[in-house]
Amino acid sequence: MNRFGYQRAGSLGEALDLLGSSPDARILAGGTNLIDLMKYNVEAPGLLIDINRVAGLDGVSAGPDGSLRIGALVSNAALARDPVVERDFPLLSSAILAGATPQLRNAATTGGNLNQRTRCYYFYEPTTPCNKRQPGSGCPAIHGVNRMHAILGGNERCIA
């Protein structure tokens, strides 16, 4: 793993300022995807900005129109067990509970899941070409082993 700086943001404004101050800064919340990418040398941020103490990002609330508002810091476990989600969105609750181990659900955040990087063997292996990591380098998954890759959304540059 490469050296990196660490800053804990106290507010959303501070997090955005820190993010804008460094082109290689990354947001850290649960870290379940980012830390793996750093270990594999796929990501090498110069600055990690911890947003875990930013107020207002950890709530779940139902709207009067039947919508659901989910804060970026809500853990997958908390979302799956939220009473409103269990009652009004049972499929969402079931999908989350089926999606990972309890340890990951407790740490992973909904915001992190939305920003999660490609889940591809080639993407995670820096010694292989990957158009997601380095555009134009190729995609061995297109004509090689591509089990568990995209069902929808693949293209001539990337099957993941």
Side-chain angles (χ1 to χ4, degrees), residues 1-9 12 15-52 54 57-58 60 67-80 82 85 89-160:
M1 194 178 287
N2 298 309
R3 289 184 164 279
F4 58 88
Y6 173 87
Q7 291 282 324
R8 181 177 291 148
L12 187 55
L16 292 172
D17 287 345
L18 287 166
L19 191 58
S21 73
S22 177
D24 62 348
R26 299 290 182 274
I27 297 292
L28 176 68
T32 59
N33 186 235
L34 179 60
I35 300 302
D36 280 346
L37 293 173
M38 291 171 66
K39 287 181 195 176
Y40 292 124
N41 290 314
V42 174
E43 288 272 356
L47 176 64
L48 293 181
I49 304 163
D50 184 339
I51 62 166
N52 282 294
V54 174
L57 300 179
D58 58 353
V60 178
S67 64
L68 186 66
R69 185 178 188 111
I70 305 166
L73 290 179
V74 174
S75 74
N76 291 351
L79 182 60
D82 184 86
V85 173
F89 302 91
L91 185 59
L92 175 60
S93 178
S94 295
I96 293 168
L97 293 171
T101 64
Q103 294 89 343
L104 283 175
R105 287 193 303 267
N106 284 330
T109 62
T110 56
N113 275 14
L114 291 174
N115 289 298
Q116 179 171 272
R117 294 298 308 262
T118 301
R119 292 296 215 198
C120 173
Y121 303 118
Y122 301 103
F123 178 79
Y124 273 75
E125 178 49 62
T127 62
T128 64
C130 172
N131 285 326
K132 291 272 187 191
R133 280 194 331 268
Q134 184 178 4
S137 64
C139 176
I142 290 176
H143 298 293
V145 176
N146 55 24
R147 185 173 180 271
M148 298 177 67
H149 284 73
I151 296 171
L152 303 171
N155 59 43
E156 68 279 355
R157 294 178 311 279
C158 178
I159 198 167

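Positions are given from 1, in the same order as the sequence printed here. Just so it is clear, the structure is predicted and the values come from calculations on it, not from any experiment. Just so you know, these numbers use all the heavy atoms, side chains as well, and skip hydrogens, waters and symmetry mates.
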Do the side chains of [Y] and [X] get nearer than 4.5 Å, heavy atoms only?
X: Pro140; Y: Pro129; value: yes
X: Val42; Y: Asp36; value: no
X: Ser22; Y: Leu47; value: yes
X: Pro45; Y: Met38; value: yes
X: Arg26; Y: Ile49; value: no
X: Ile51; Y: Leu28; value: no

Donor-acceptor contact below 3.5 Å, side chain [X] vs main chain [Y]:
X: Thr128; Y: Tyr122; value: yes
X: Thr110; Y: Leu73; value: no
X: Arg105; Y: Ala100; value: yes
X: Asn76; Y: Ile96; value: no
X: Asn131; Y: Cys158; value: no
X: Asp82; Y: Ala78; value: no
X: Thr32; Y: Leu104; value: no
X: Arg133; Y: Phe123; value: yes
X: Ser93; Y: Pro90; value: no
X: Asn2; Y: Ala44; value: no

Residues Ile27, Leu34; criterion side chain to side chain contact (heavy atoms under 4.5 Å, CB included); working and verdict: CA-CA 9 Å; Ile27 297 292; Leu34 179 60; over 6 Å; no

Interatomic distance, [X] atom [atom1] to [Y] atom [atom2] [nearest 0.5 angstrom]:
X: Arg157; Y: Lys132; atom1: CZ; atom2: NZ; answer: 8.5 Å
X: Asn33; Y: Arg117; atom1: CG; atom2: CZ; answer: 8.5 Å
X: Glu125; Y: Asn41; atom1: CD; atom2: CG; answer: 10.0 Å

Side chain to side chain contact (heavy atoms under 4.5 Å, CB included) assessment of Val60 paired with Arg69: CA-CA 6 Å; Val60 178; Arg69 185 178 188 111; over 6 Å; no

Leu114 atom CG: more than 12 heavy-atom contacts under 6.0 Å: yes

Sole candidate of Leu97, Val74, Thr109 that passes side-chain contact (heavy atoms from CB on, under 4.5 Å) when paired with Leu79: Val74

Closest contact, heavy atoms only, Gln7 versus Leu18: CB-CD1, 3.8 Å

Shortest non-hydrogen separation from Asn106 to Ala77 and the atoms involved: OD1-CB, 3.2 Å

